[in-house]
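Small disclaimer: the values here were computed from a predicted structure and weren't measured.
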Amino acid sequence: MGGWLLALGAACCLALPLADGTTAKTVLVALGFGLGGSYATIAATTVAELAPPSRKGGALGTMNAVVTAAGLAAPALVGALVDAQGTGGYQSAVLLSGGLLAVGAAASFLLVDPARDIARLTG
């Protein structure tokens with residue numbers, strides 16, 4: 001399910017240049033980041049489900065640290081894009097986000113297999 005949320009979010013972000021009008025662009029950006037961001041809930045649930053009880057807190061803390069690191073880098077990157085490209089930098093930032101969401105979706109489809117992972121961890 002998570003991979004599909006990321007893939008749909010990526011499709012919305014990457015469709016931005018094809019949209020006509022501010023309403024369509026606003027809807028695509030809202031859906032793109034909304035669908036992509038909803039993966040955090042699934043990721044936290046998956047980590048909590050798969051981690052052994054004695055390591056659950058550390059696993060969730062590590063995941064949270066990695067996820068929130070993007071919050072440190074993103075404003076600087078978007079600012080650099082806007083400085084370099086003017087208002088076009090915002091579209092570049094959304095397209096870059098769409099590309100990253102697509103990479104995340106591919107990784108999710110290829111690497112996440114809860115049944116296999118639980119069997120390996122309990123096995």
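- Remark: A106 pairs with no residue by the side-chain contact (heavy atoms from CB on, under 4.5 Å) rule, at least two apart or across chains.
- Grouped by direct or indirect side-chain proximity (heavy atoms under 4.5 Å, Ile/Leu/Val/Met/Phe/Trp/Tyr only), L6 sits with Y39, L101, V112.
- Side-chain contact between L28 and C13: absent, with no pair of heavy atoms (C-beta onward) separated by less than 4.5 Å.
- For the pair A10 and G98, the tightest heavy-atom approach, listed with the atom from each and the gap, is CB-O, 3.4 Å.
- A donor-acceptor pair under 3.5 Å links the side-chain atoms of S97 to the main chain of A93, judged by distance alone.
- Atom CG of residue L16 and atom NZ of residue K25 lie 5.5 Å apart, to the nearest 0.5 angstrom.
- Here ring pair (Phe, Tyr, Trp, His ring centres under 6.0 Å) pairs that include residues 3-34, with residues two or more places apart or in two chains, are W4-F109.
- Annotation: the span from L14 atom CG to L95 atom CG amounts to 6.5 Å, rounded to 0.5 Å.
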Listing, residues 74-87 side-chain donor-acceptor contacts under 3.5 Å, not counting sequence neighbours, or none:
from: Q85; atom 1: OE1; to: S92; atom 2: OG; distance (Å): 2.5

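- Each ring pair (Phe, Tyr, Trp, His ring centres under 6.0 Å) pair with one or both residues in residues 69-90, not counting sequence neighbours, would appear here, but there are none.
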Extract all donor-acceptor atom pairs below 3.5 Å that involve side chains of residues 51-64 and protein atoms in other chains or at least two apart in sequence.
from: K56; atom 1: NZ; to: A48; atom 2: O; distance (Å): 2.9
from: T62; atom 1: OG1; to: G58; atom 2: O; distance (Å): 2.8

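- Not counting sequence neighbours, the partners of L8 by the side-chain contact (heavy atoms from CB on, under 4.5 Å) test are L35.
- Partners of L100 according to the side-chain contact (heavy atoms from CB on, under 4.5 Å) rule, which considers only residues two or more places apart in sequence or in another chain, are L96.
- Atom OG of S108 and atom CE of M1 lie 11.5 Å apart (nearest 0.5 Å).
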